A.B. asks: 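I'd like to ask you about the structure that follows.
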Protein chains: 2
Amino acid sequence: MTLRFVLDTSIFVNPEIRKDFGDNPTEAMKTFLGYAEKLFGKVEFYMPPGIYREVMHFVDEELKPEIELYIIKKPPNLHDLKIPAFVVYELIDDIRRRVDKGLRVAEKAVRESVVETDNVDKIIQKLRRNYRKALREGIVDSKEDFELILLAKELDATIVSADVGILTWAQKMGIKWIDASAFKDVLEGLVEKLGGKNL
Amino acid sequence: MTLRFVLDTSIFVNPEIRKDFGDNPTEAMKTFLGYAEKLFGKVEFYMPPGIYREVMHFVDEELKPEIELYIIKKPPNLHDLKIPAFVVYELIDDIRRRVDKGLRVAEKAVRESVVETDNVDKIIQKLRRNYRKALREGIVDSKEDFELILLAKELDATIVSADVGILTWAQKMGIKWIDASAFKDVLEGLVEKLGGKNL
């Protein structure tokens, strides 16, 4: 059986995670491709189109031929896959609470700005931060994230991500996962076990 | 084959729709129950628990025994039903756009309130209106709405609603629907065709 991983942007972009692989996204990708080369034919690495685009935004174009060889680009099959109703039910309920909270955050900012009229830029910065926290943190809030989850489901693959929203959904939907922060160790281990040359 | 309808609150509560049935929710319910009585055994009427609670909030308790007889309360089977992935994909994308728009609405309100510091209550009212419009109009944004859709799917029943968000999802999910504004005429017609006494 071929092992399959679906890769999230966080591995190459999130500084906390990426530092295991390299000093910048391009270096991180190079390190990853080194493992992928050794595991070729034994482990498959996938990215859905949205995640691929995000990653390529940060990674040097010159790595493209190798990336095309070692990372399989595939969209999930949106028209055949199905989501358990209770997962969507919980999503809708979660969003509703967040929307209500977002309004409270906005109202608070308006009331603050009346008192501190010369601090408006600071208040808007705080509003953006709090609004983002209320509406977007810890939730699958983009097509890109959702594609990642669906692709892993479709392929019965393991999601590699550091995103709380993605990992939460992965668990609800019975999808295997590895926290991105553990990924380098897993790759090292796989190279050892599956008979690639030692690094 | 028994005809089945899943009823939304709008029939009894939304003034525009309700007026066909009566001057207030209780009167509207009485009129509806008149039809339901004549159609008993031929047509089934359902409500999911959340919608039932909403409706009972507006309808006189004394109608409860009749309501229990003619309106079947049933939750959807959240653990067996599945939603096509593309519907959820579109929902997530729609919400993302709305969340971004909500922030713009909030920032605008903050900037206005700096200029018109004595109009803060008016600005907050406008903020609420615009925020609601941005985040909630035309979308399935509550568990109650979602239960309605799922129950209709499960029962292969017809949704009766005036809510744009619900009707949009009903169409995406291949669910039969009647606009609530046409419901009284449909009931009249059914009583005529299915051999109930004329009203």
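Given the structure is predicted, the values throughout are model-derived calculations rather than measurements. Proteins get letters first, then strands, A, B, ... in listed order; numbering begins at 1 in each.
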A.B. asks: Tell me, which pairs form a salt bridge (charged side-chain N to carboxylate O under 4.0 Å, His left out) where one or both residues lie in residues 162-186 of chain A, sequence neighbours left out?
C.D. replies: A/Glu90-A/Lys172, A/Asp156-A/Lys176
A.B. asks: B/Phe5: which residues meet the ring pair (Phe, Tyr, Trp, His ring centres under 6.0 Å) condition with it, sequence neighbours left out?
C.D. replies: B/Phe45, B/Phe183
A.B. asks: Given side chains that start at C-beta, do those of A/Leu91 and B/Ile92 come closer than 4.5 Å, heavy atoms only?
C.D. replies: yes
A.B. asks: How long is the gap from NZ on A/Lys108 to CD1 on B/Ile124, to the nearest 0.5 Å?
C.D. replies: 12.5 Å
A.B. asks: Chain A contacts: which residues in residues 48-75 of chain B have a non-hydrogen atom closer than 4.5 Å to it?
C.D. replies: none
A.B. asks: Given that the side chain runs from C-beta out, which part of B/Asp94 has a heavy atom under 4.5 Å from chain A: side chain, backbone, both or neither?
C.D. replies: neither
A.B. asks: Do B/Val160 and B/Val164 share a hydrophobic cluster, counting only Ile, Leu, Val, Met, Phe, Trp and Tyr and linking them when any side-chain heavy atoms are less than 4.5 Å apart?
C.D. replies: no
A.B. asks: Please determine whether residues A/Val13 and A/Ile17 belong to a single hydrophobic cluster, defined as Ile, Leu, Val, Met, Phe, Trp and Tyr linked transitively by side-chain heavy-atom distances below 4.5 Å.
C.D. replies: no
A.B. asks: Among B/Val87, B/Asp80, B/Asp93, B/Val115, which residue forms the greatest number of heavy-atom pairs with chain A at distances under 4.5 Å?
C.D. replies: B/Asp93
A.B. asks: Select one option (side chain, backbone, both, neither) describing which atoms of B/Leu81 are under 4.5 Å from chain A's heavy atoms.
C.D. replies: both
A.B. asks: Give, as side chain, backbone, both or neither, the part of B/Ile95 having an atom under 4.5 angstrom from any heavy atom of chain A.
C.D. replies: side chain
A.B. asks: Sort out for me which of A/Val99, A/Val105, A/Asn77 touches chain B most, counting heavy-atom pairs under 4.5 Å.
C.D. replies: A/Val99
A.B. asks: Output the option from A/Ile83, A/Val114, A/Val88 having the highest count of non-hydrogen pairs under 4.5 Å with chain B.
C.D. replies: A/Ile83
A.B. asks: Should A/Leu151 and A/Leu3 be counted in the same cluster of Ile, Leu, Val, Met, Phe, Trp and Tyr side chains packed under 4.5 Å apart?
C.D. replies: yes
A.B. asks: Hey, which residues of residues 125-150 of chain B are touching chain A, say heavy atoms under 4.5 Å apart?
C.D. replies: B/Leu127, B/Arg128, B/Tyr131, B/Leu135, B/Arg136, B/Val140, B/Asp141, B/Ser142, B/Lys143, B/Phe146, B/Glu147, B/Leu150
